[in-house]
Amino acid sequence: MQQYMVLYKRSIEDPSGFWSEIAEQFHWQTKWEPNHMRYNFDVRNGPISVEWFRGATTNISYNCLDRHVAAGRGDDVCFIWEGNDVGREKVMTYGEALEEVCRLANWLRGAGVRKGDAVAIYMPMLLELPLAMLACARIGAVHSVVFGGFSAEALAGRMEDCKAKVLLTASGVMRGPKHIELKRIADTALDLCAKAGHAVESVLVYENDNAVPAADCPFTPGRDRWWQSEVSVQPPSCAVEWVEAEHPLFLLYTSGSTGKPKGVLHTTGGYMVYGATTMRHVFGLQRGDVYWCTADCGWITGHTYLAYGPLLNGATQVVFEGVPTHPTPARCWEVVASHRVTHFYTAPTAIRSLMGFGNQWVEQCDTSSLRLLGSVGEPINPEAWRWYHEIVGGGRCPIVDTWWQTETGGHMITPLPKAWPEKPGSATLPFFGVRPVVLDDKGNELEGEAEGVLAIAQPWPSTLRTVYGDHARYESNYFGPFPGYYFTGDGCRRDADGYYWITGRVDDVINVSGHRIGTAEVESALVAHPACAEAAVVGYDHPIKGQGIYAYVTLMTGVEPTQALRKELVGAVRSTIGAFAAPDVIHWAPGLPKTRSGKIMRRVLRKIASKEEDQLGDVSTLADPGVVQTLVELRGK
Ligand code: WT7
């Protein structure tokens, strides 16, 4: 703790110097200037900008792979892949991973991809997914991974926004017992994208034959190529593209409270140094450890703590294609036992779901290899924390409850194992270089014990640099609400020990199973249905998912509310966004509670959804207070 305090103080007071020393461990083709960090975090002083390692050039893919191979660690195991079906496994060393990445990078170059071009990736959790990310980074291309659970429309929107030159995808995937024809969805997306004016030039298709063999996979000659036959004939070495520290590394789209998803842009140098450093300290990884993060590469966790962080640290990691409950709820613990996993990182929703199946599934497996457990994505409730600690971790493993965001690129508030006492439900203290503040709603910093909104007062190396193609939105969304600060969108309490307790989003974003869903996106998917006149979406407490999606729908005059229509509306959201965004509840609403100026009072809707209409608070501004009673009567109908 003492040591942390000293280092923490230095990291805040001398960020350039602090991170320079750490950055020395990486390979840089050219070094940075003194005082390499420049920034403006205050909209009143001009455009927001963040720059780290000014003057330096490097390559993150080189640092993930070549650096270890050059140090004689080419035979160390990089990946242990566990397929969806028990028994499908694959092991890949650092040396092999480097060759695979080079082959794919050569293919990409051959397809005309150059430094700065965007490549969309829509893949299941095969090793080819992280390898594809590293291949893009190797040639300075900007990857944009789209989670395989997103719909064709969502994929199209993302490919169009970043003007993807190439799409990397797969024929299909098995998720648990479910069969998903990814390429068929990708084809619909490619058509939509072309209709919107952007034609993706080439598509590389991995034949995932246990799910969809080539013969059953739609294929457009000329545009589409088969991955296995094209990539295997490429040379196994490929010159690295040295890029500036601020060269864009990737885009990752995430939902906000308004409008379409934002393309969060991360750059190379700062992201690399911060991701690797949090990985090392927060997980305390050592040589010989086996780390397993259950996140999909379609989310930020799968970027920083699967594709990049572990490799930057030369670690051995498990990559899992399946789902925790397939074929039984023992699956995770069987994987832990068979690969002697030491570090396990997952989301509270998975913990709650597995907890619900009972202890026997854990107890029948040998989980004695576990030394550290991690949690990410949403606040972890103390009951799930204790189960994770006692039953999974046998009471001996520290739990790191890591608070961070797509935008922050890496852990921001998190315990360091055994450095200070944990408190179930608190992410505890800030990581080096992170200066959190609790603000009141006027933007004043609150001291000591306090509750308010969480903001960050100065840049950390993996701060998002912009919203792709819309710097104005970046400024207004993150730096507009409280001038001088990065606004997180989360509420938070700081206790007497200085520990932070995240209380959840304060904006119109719902956190469903650790996935961020904008209410506005769900609403617009609903109102696109011809029967729907108006929709208002709120979150409500859900025992497994953390939050569920609760949609109030006003139908067009004359349309009957039926069970079939309910299904259709849910289907509309599935096909516009993805299955994970499907509303849990559709509540028929002849009218919505609005102010006289027409603004929907979501606070009232949240109370009705959670059966707390006795605590509505002040509703004197409602244009028609009678609406509340009508809605309460229609609940569950
Ligand atoms: C939002 C960010 C960070 C990777 C996964 C989600 C919530 C995340 C925690 C935590 C409480 C958490 C916040 C945050 N969140 N981790 N440990 N405790 N809340 O990334 O999709 O960008 O969502 O997830 O509300 O703002 P994301």
Side-chain angles (χ1 to χ4, degrees), residues 145 147 149-150 250-257 261-266 274-275 278-279 282 293-309 345-352 373-382 384-385 388 399-415 422-431 434 436 453-456 460 462-464 467 477-478 481 486-494 499-518 521 539 545-547 577-578 580-581:
V145 183
F147 171 57
F150 273 112
F250 66 84
L251 290 174
L252 188 56
Y253 287 81
T254 190
S255 295
S257 40
K262 300 183 286 269
V264 166
L265 181 92
H266 283 289
Y274 194 78
T278 48
M279 176 89 211
V282 173
C293 165
T294 64
D296 190 287
C297 285
W299 309 105
I300 190 69
T301 309
H303 280 59
T304 311
Y305 300 108
L306 193 154
Y308 291 113
Y345 190 32
T346 196
T349 184
I351 301 165
R352 284 191 298 265
L373 302 172
S375 172
V376 59
E378 51 167 315
I380 178 165
N381 48 310
W385 194 99
Y388 201 26
I399 294 182
V400 290
D401 175 0
T402 59
W403 175 83
W404 58 298
Q405 309 179 294
T406 303
E407 292 87 344
T408 70
H411 300 146
M412 297 290 279
I413 302 181
T414 171
E422 291 147 11
K423 294 187 193 181
S426 169
T428 77
L429 301 173
F431 193 75
V434 175
V453 300
L454 180 64
I456 314 289
W460 58 99
S462 59
T463 309
L464 80 160
V467 167
N477 194 85
Y478 300 107
Y486 164 81
F487 171 54
T488 64
D490 280 325
C492 149
R493 183 167 68 79
R494 188 171 47 218
Y499 280 36
Y500 292 84
W501 300 74
I502 309 299
T503 51
R505 302 288 305 195
V506 295
D507 52 8
D508 291 322
V509 168
I510 312 180
N511 190 326
V512 181
S513 302
H515 301 321
R516 209 156 121 182
I517 296 168
E521 277 175 75
K545 301 186 200 179
Q547 281 192 296
I577 306 174
F580 64 93

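Quick note: numbers below take in every heavy atom, side chains included, and nothing from hydrogens, waters or symmetry partners. Counting starts at 1 for both ligands and their atoms, in listed order. Numbers for residues simply follow the sequence, beginning at 1.
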Intermediate values then yes/no, side chain to side chain donor-acceptor pair (under 3.5 Å), T346 and Y388: CA-CA 10 Å; T346 196; Y388 201 26; 5.8 Å; no
Residues Y486, W460; criterion ring-ring contact (aromatic ring centres under 6.0 Å, His included); working and verdict: CA-CA 11 Å; Y486 164 81; W460 58 99; 5.4 Å; yes
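Close approach to T402 involves these atoms of ligand 1, each under 4.0 Å from a residue heavy atom: 9 (C), 10 (C), 16 (N), 17 (N). Set against the non-hydrogen atoms of I502, the atoms of ligand 1 under 4.0 Å away are 11 (C), 19 (N). Counting the atoms of ligand 1 from 1 in the order shown, those under 4.0 Å from a heavy atom of R516 are 2 (C), 21 (O), 22 (O), 23 (O), 27 (P). Of all the atoms in ligand 1, the ones that sit under 4.0 Å from a non-hydrogen atom of D401 are 10 (C), 17 (N), 18 (N). Atom numbering of ligand 1 starts at 1 in the shown order; those under 4.0 Å from a heavy atom of N511 are 7 (C), 24 (O).
An N or O contact shorter than 3.5 Å links D490 to ligand 1 by distance. Of the N or O atoms in I300, none lie within a sub-3.5 Å distance of an N or O in ligand 1. Ligand 1 has an N or O atom lying under 3.5 Å from an N or O atom of Q405, backbone or side chain. For ligand 1, the polar-atom distance check against S375 finds no nitrogen or oxygen pair separated by under 3.5 Å. Residue T254 places no N or O, backbone or side chain, under 3.5 Å from any N or O of ligand 1.
Using modelled atom types and a 3.5 Å distance limit, the side chains of Y274 and T408 yield no donor-acceptor pair. Side-chain N/O atoms of D401 and W385 include no donor and acceptor closer than 3.5 Å. No hydrogens or angles considered: a donor-acceptor pair under 3.5 Å links the side chains of T402 and Y345.
For H515 and F580, the ring centers sit closer than 6.0 Å to each other.
Distance check, rounded to the nearest 0.5 Å: CG of L252 to CZ of F147 gives 12.0 Å. Here the CD-CD1 distance, from E422 to I399, works out to 6.5 Å after rounding to the nearest 0.5 Å.
Assignment of G377 to the shell around ligand 1 is supported, since a heavy atom sits closer than 4.0 Å. For W299, the closest heavy-atom approach to ligand 1 does not fall below 4.0 Å.
P379 N, 3.1 Å is the protein heavy atom nearest to atom 11 (C) of ligand 1. Here the heavy atom of the protein found nearest to atom 22 (O) of ligand 1 is T406 OG1, 2.5 Å. Among protein heavy atoms, atom 3 (C) of ligand 1 sits closest to W404 O, 3.1 Å.
Contact annotation: for R505 versus ligand 1, heavy atoms closer than 4.0 Å belong to the side chain alone.
Checked by atom type and distance alone, the side chain of R516 pairs as donor or acceptor with a backbone atom of S255 at under 3.5 Å.
When T301, I517, T488 are checked for heavy-atom proximity to atom 5 (C) of ligand 1, T301 turns out nearest.
D490 approaches T488 most closely through the heavy-atom pair N-OG1, 3.0 Å. When all heavy atoms of G410 and S462 are compared, the closest pair comes out as N-OG, 3.7 Å.
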